[in-house]
Amino acid sequence: MDDFISLERIVKVYPPNVLAVDNVSVGFHKGEIHSIVGENGAGKSTLMKLLYGLVPFDSGTVKINGAAVHFRKPGDAIAMGIGMVHQEIELISQYTVWENVVLGAEPVRGLGGTLDTKRAIELVRRKIDEFQFNLDPSAQVERISVAARQKVEILKLLYRNVSVLILDEPTAVLTPQEIPQLFAELKRLRDKGTTILFISHRLDEVLELSDRITVMRKGKKIATVAASETDKEALAQMMVGRQVIFTSKRTPHQRGERVFEAKGLSVTRRDGLKLLDNVSFSVHAGEIVGIAGVEGNGQFELVNSVMGLAAPSSGSLTVNGTEIIKLPILERRKLISFVPQDRGKMGASLPASILDNAIMTHHRLEPRFSAWRGLVLNYRNARAFTDTLAQRFSVQMASRQSPFRSLSGGNQQKLILGRELLLSTPFFLMDQPTRGLDVGSIEYVHGEILSMRGADRAVLVISADLEELFLIADRILVMHRGQIVADLAAEQTTIEEVGRYMLEGKRTA
Amino acid sequence: MNIIVGLITGMIAGATPILLAALGGTLTFYAGIFNIAMEGMMLMAAFFAVLGSFLFHSWLVGLLFAVAGAMILALIFIFFSVTLNTDEFVTGIALNLFALGSTTYLLRQIFKVKGVFTSKLIDSIPNIHIPLIEKIPLLGPVVSGRNLIVYLAVIATIFCYYLVFKTRFGLRLRAAGYNSNSLDSSGVRTSRMQIQSLLLCAVFCGLAGAFLSLGYVTLFAENMTAGRGWISLAAIILVDGHPYGIALISLLFGFFDGLGLFLQSYGVSSQFTSMVPYIATLGALYVYARRNRERERKAL
């Protein structure tokens, strides 16, 4: 099969000297799902943005059907039938689905540019039917799910008659249940002749979805392989450049005293719905307890109750025997280390410097960071601490004073993790600790979690990723509709069993 | 009977400049610009209206001058705020101060007077008498015989509503304010929408200013807008920019404006009566805030 789109010897340098794309040549067939995989910073997103005309490249050629093209802005690419859906969904939430879809290419009637509402809705409905998208054109975008919004973004491009769809990590914002549906829709699009370029670092997804896979590492193309002729281990090795072990490194470890205990914890919403329903469990020293469950089954409320972000309606929470329900947050932080789900919002302040982020919480709890009776910070100690932290947890940073947002996702998470680990607390709460991280970083984080267990700290990990829980947890609790419906020893259960509890609650037992 | 008619016509006259300025401002509001320059645009327009009408003895030229005067400020606004990306609030303050200073300066330089300029040579904008309706008791004297700009303001209200909510332009305009990234990625440049909205705003503020100096009265006085541009901003924010809501708020303000003048004729001191519209604005703000809080509580 001939290449429909071919990228030839593409080079992109980000000034001053970052070689983001290094002499990459790759071809895409018409009507295939072609995944581009690589770690964060491998250049896969940059490569696609070059193709889309969003980022100018320094040398090389882009050919469509054998003819060289040059896109200076995304509009040029769309005109040639290439559309891209970005990771962040950019829709107007105040508008309806159809208004979002037609925006910029609206059907009008009359001289004054009056919107032809009827025809617009009809056109959008026809596209929805054609691709079996199951959307209501008149629904308000702010009221539909994230998955549906993503479909609107895709629809917006299909409305513009795009035949090549570039999707930048579309599954990152989806719940595990929504992903198979997206994949089914993408496969249907492919069968209708659309070419799909799929950027991802989730290898299982890539293997399931794609026809062919191109692996990138550090700006270079490593290989293009057929999905049917490779496996997860081989891909991971190409991505990372060394062997990655997907089996658990967990060794037997004797658990100690009970550290954390929740008793009868409930959170009731105003309308009487129990978001958290009489939850009781405990975590012991030297033990990793994992909480599995479909998102939105009470995990959020549990985290908020433990961290003091929202008060539970009833119940008790103790750490080392101390009741924490009434404690102010700073007092809790003396007992609990916390890695939140959302790095950019709760875990760190993106515009603040790396140093500021590194000493957060520490600066309140440890006298060595303050001088003049707490009026000013002791920057000498803060600098030393930041350097130690960066070194100990191998955070790659340009300078201590760079904004936190300049770090890659993996480095951000390492810094937060390190900061929390260096608090001397008995209990550690982690909410989706590896979300959005690449294979190498995930392996690192898992190693750190396991070494905490070795140091006899009590660890509670909430994760939507079942494989992750099986790699690190000693016990797996399953949450369903605000209740804990199963308490299983990791050795004596299977992913399938936990999955059933997640979906069906107690009745399976 | 005459008192009622007097109050209503006073209300309409008071409401017209605020309504027009607010309609202009609401277009920029929807485009996502924090535009506070209506005050300056109106003042500039009021001055140039008098200048044009005085020089050419024609209200129509005066009207064109007024729009051109407001347009000068809009172009400066566009250059700084859209092209150079300066802060909109700071730009707006600068323009309002510039309008006040420059009109005062030009008044003294061109007309050699301080405070107020008036002349027999200034042609004012005519009142329109509608045959037949004129004869209807009570309704006639209210609906007919108003200034041309008043009728234009009514048309402008409906025009704005249609433009914002029913046209392609409106869909893109609001998109610029709601989420400019989304609009840009849809192939429409947000800055273009913002520029167009500012130019339209200048046209509306031009009409408002011309009404002040060639309709309401036939003279130019230093700082004669007297905060009406700010009231129009308040009106926009109070009703989230909806043109019909703006009309309502403007009428309310116009009513208290007229009431102030009316009370004055009953011997209430003018310092107090000129406070009435502003107190009414604070009152409206309070009611609005209460209503909003109630709504939020219900939503929870």
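Proteins come first, then strands; the chains are lettered A, B, ... in the order of their sequence lines, and each starts at number 1.
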Can you check whether anything in residues 156-180 of chain B gets within less than 4.5 Å of chain A, heavy-atom wise, and list it by number? Y162(B), K166(B), T167(B), R168(B), G170(B), L171(B), R172(B), R174(B), A175(B), Y178(B), N179(B)

Heavy-atom cut-off 4.5 Å, strictly under: side chain, backbone, both or neither for R269(A) against chain B? neither

Does any backbone or side-chain atom of K73(A) lie under 4.5 Å from a heavy atom of chain B? Answer side chain, backbone, both or neither. neither

Counting heavy-atom pairs closer than 4.5 Å to chain B, which one of D116(A), L157(A), I92(A) comes out on top? I92(A)

For F300(A), does the CZ atom sit with more than 12 other heavy atoms under 6.0 Å from it, leaving out its own atoms? no

Of the listed V188(B), L183(B), N181(B), the one with the largest count of heavy-atom pairs under 4.5 Å with chain A is N181(B)

Rounded to the nearest 0.5 Å, how far apart are NE2 of H86(A) and OG of S185(B)? 6.5 Å

If I measure from the heavy atoms of chain B, does Q94(A) come under 4.5 Å with its side chain, its backbone, both, or neither? side chain

Can you confirm whether more than 12 heavy atoms, excluding those of N134(A), are under 6.0 Å from its CG atom? no

Nearest heavy-atom contact between R160(A) and S186(B) is NH2-O, 3.6 Å

Residue L103(A) versus chain B: region with a heavy atom under 4.5 Å: both

Other residues, nucleotides, ligands: >12 heavy atoms within 6.0 Å of R109(A) CZ: yes

Salt bridge (Lys or Arg N to Asp or Glu O under 4.0 Å) partners of E169(A), counting only residues at least two apart: K44(A)

With sequence neighbours excluded, residues passing side chain to side chain contact (heavy atoms under 4.5 Å, CB included) with A46(B): S213(B), F220(B), M224(B)

Listed once per pair and sorted, the side chain to side chain donor-acceptor pair (under 3.5 Å) pairs that draw on residues 64-85 of chain B, sequence neighbours left out: none

Could you state the interatomic distance from OG (S182(B)) to CG (L91(A)), rounded to the nearest 0.5 Å? 5.5 Å

